[in-house]
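To start, the structure under review is shown below, and the notes come after it.
Proteins come first, then strands; the chains are lettered A, B, ... in the order of their sequence lines, and each starts at number 1. Values below: all heavy atoms of this structure, side chains included; hydrogens, waters and symmetry mates excluded.
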There are 2 protein chains.
Amino acid sequence: MEHEPDGSESLRLEDLIGYHLRRASIIDLQGASSVLDPLGTRLVPLSVLAKIIEHPGTTSAEICRMLGMQRANIVSILAELEGKSLVAREADPLDQRLQRLSATEAGMKAGQQWLSLLRQHEERVFARLSCAERDQLRDLLARIWQSDEG
Amino acid sequence: MEHEPDGSESLRLEDLIGYHLRRASIIDLQGASSVLDPLGTRLVPLSVLAKIIEHPGTTSAEICRMLGMQRANIVSILAELEGKSLVAREADPLDQRLQRLSATEAGMKAGQQWLSLLRQHEERVFARLSCAERDQLRDLLARIWQSDEG
DNA sequence: TATTGTTATACTCTATAACTATA
DNA sequence: TATAGTTATAGAGTATAACAATA
C-alpha cells in the first residue's frame, strides 16, 4: 500500500488490484472466446462439460455449486450441450428430482479438444510470464475465490 | 505446467489460469458492486470519473483508450455522470469535434470517496494475501493486460 | 420445509455497425 | 481519409423471484 507524503492514501485506479484483475480477465476472456467461437461454443458450456466429464453422474445443482453459478443459468447451457449430443441426462431412480448427467463419447472428445485449445490460447496470453510466475499467479488467484467458498 | 505419467497434458479446468482469473474477478466484482450500489454507482462510471479527475481536460475517446473500452459504451456513462453534476463538458475551441471533460467539486469528492470505499472492499477480498503477495499479484496481472496494449 | 429443475425477467458489460459533424 | 461523439442493436454472463414436482 502506497501513501502520499501527507500520510493520506493514494487513490489511483491502478493501485486497486481489482482494476488489473478485471482488465487481465477481459484480455483472457476475449482470447478464449475467439478460440472457442469457430467451434461453436463458449466458456461456460465448456466449463460445464468439463465438470460433467470429471464427475460422471453428477447433477445440475452440483455443477452449479462447483462452478459458483446460479441454477437458473445452467438450464440453457445443458439444453445446448444435450442438443449437440455431447451430454446425456438420465432420471435418478431413487430421487425423482435428480437428473444424472454424463458425457457422451463425442462429448468427452469435444471437452478434451476444447480444453486443449484453451491451453494453447493461454500460452499466448501468459507468454510474458515464466512457468514459475504462472504457477504463482494461479495459486494467488485460487486463494482469493476459494476463501469465499462455503 | 503439469503432465500426466504418459506424457499427455493434464486437462482439468483448474489447471487453466483463466479459470481462476475469472472466478477471482467475479468475487471482486460482486463485492465492489455491493459496496458501490448504495452510492448509486457502478465500477465503470467510477473508472471513468477517476480518469477524468486524473486527466482534467481529457476527452471521451482518450478515456476509452486508457480504459480499453469502446467509444459507444462511454456515452451513457458520461451522460450519467453529467446528470449527477459530477462531470462537466466543454467544447474545445480549436477542434469542434472534441468535448473537454472535467470533474466538478462534487465529482472530485465523490471520486475520492468511491475509490476509498473500494480500497476498503479490497482489504476484505484480499485479506488472505500478504502485502507482498498483493503487490506481486498486481504486478503479474498488469503484465498480462499491458502486454496487449499498443 | 427444503431441494431440484425450470421459466421469466432484468441488469451490467462488452461488441459491432453505421451515422453526423468536423478535421 | 480519419477522428469524435452518437445511436441502435446484439450477445454473454450475471442476478433474483417464483413455480411445480419431489423429498
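Using a 4.0 Å heavy-atom distance criterion, B:Ile74 is classed as making no nucleic acid contact. Among the atoms of the strands shown, only primed sugar atoms or phosphate atoms (P, OP1, OP2) are found under 4.0 Å from some heavy atom of B:Ile26.
For A:Phe126, the ring pair (Phe, Tyr, Trp, His ring centres under 6.0 Å) test picks out no residue, with sequence neighbours left out. Judged as a side-chain contact (heavy atoms from CB on, under 4.5 Å), and not counting sequence neighbours, B:Ala72 has no contacts.
For residues 75-83 of chain B, proximity to DNA chain C is found at no residue, defined as any non-hydrogen atom under 4.0 angstrom from a strand atom. Within residues 53-66 of chain A, no residue has any heavy atom closer than 4.0 Å to DNA chain D.
Counting heavy-atom neighbours within 6.0 Å of A:Glu14 CD, excluding the residue itself, gives a total above 12.
Note: CE (B:Met69) to P (C:dT12) measures 14 Å, nearest angstrom. Rounding to whole angstrom units, CD of residue A:Gln70 and P of C:dA10 are separated by 18 Å. Put simply, CZ on A:Arg42 is 15 Å from C1' on C:dT14, counting in whole angstrom units. Between B:Leu29 atom CG and C:dC11 atom P there is a gap of 17 Å when expressed in whole angstrom units. The distance between atom CG of B:Leu98 and atom C1' of D:dG5, rounded to the nearest whole Å, is 10 Å. If you take CZ of B:Arg23 and C1' of D:dT14, they are 13 Å apart, rounded to a whole angstrom. One can place CG of B:Asn73 at 10 Å from P of C:dC13, the figure rounded to the nearest angstrom. In this structure, A:Arg89 atom CZ and C:dG5 atom P are separated by 9 Å, rounded to whole Å.
For the pair A:Glu122 (side chain) and B:Gly18 (backbone), a donor-acceptor distance under 3.5 Å is present.
Residues B:Gln99 and B:Leu78 are not in side-chain contact: their nearest non-hydrogen atoms beyond the backbone lie 4.5 Å or more apart. Between A:Leu21 and A:Leu141, some side-chain heavy-atom pair lies under the 4.5 Å cut-off. Proximity of A:Lys51 to A:Thr58: side-chain heavy atoms (C-beta onward) are nowhere separated by under 4.5 Å.
Taking a cutoff of 4.0 Å between a charged side-chain nitrogen and a carboxylate oxygen, A:Arg89 and A:Glu82 qualify as a salt bridge. Between B:Glu133 and B:Arg138 there is no salt bridge, since no side-chain N of the basic residue sits under 4.0 Å from a carboxylate O of the acidic one. Between A:Glu80 and A:Arg42, at least one side-chain N (NZ, or NE/NH1/NH2) sits under 4.0 Å from a carboxylate O, which counts as a salt bridge.
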Legend entry - Footprint string (nucleotides 17-23 of chain D, 5' to 3'): B base within contact, S backbone only, - free, heavy atoms under 4.0 Å: B----BS
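With DNA chain D read from its 5' end, the first of the two nearest nucleotides for B:Arg100 and A:Val44 is the one closest to B:Arg100.
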With a cut-off of 3.5 Å and sequence neighbours excluded, list every side-chain donor-acceptor pair involving residues 26-37 of chain B.
unit_1: B:Asp28; atom_1: OD1; unit_2: B:His121; atom_2: NE2; d: 3.1
unit_1: B:Ser33; atom_1: OG; unit_2: B:Leu29; atom_2: O; d: 2.9
unit_1: B:Ser34; atom_1: OG; unit_2: B:Gly31; atom_2: O; d: 2.9

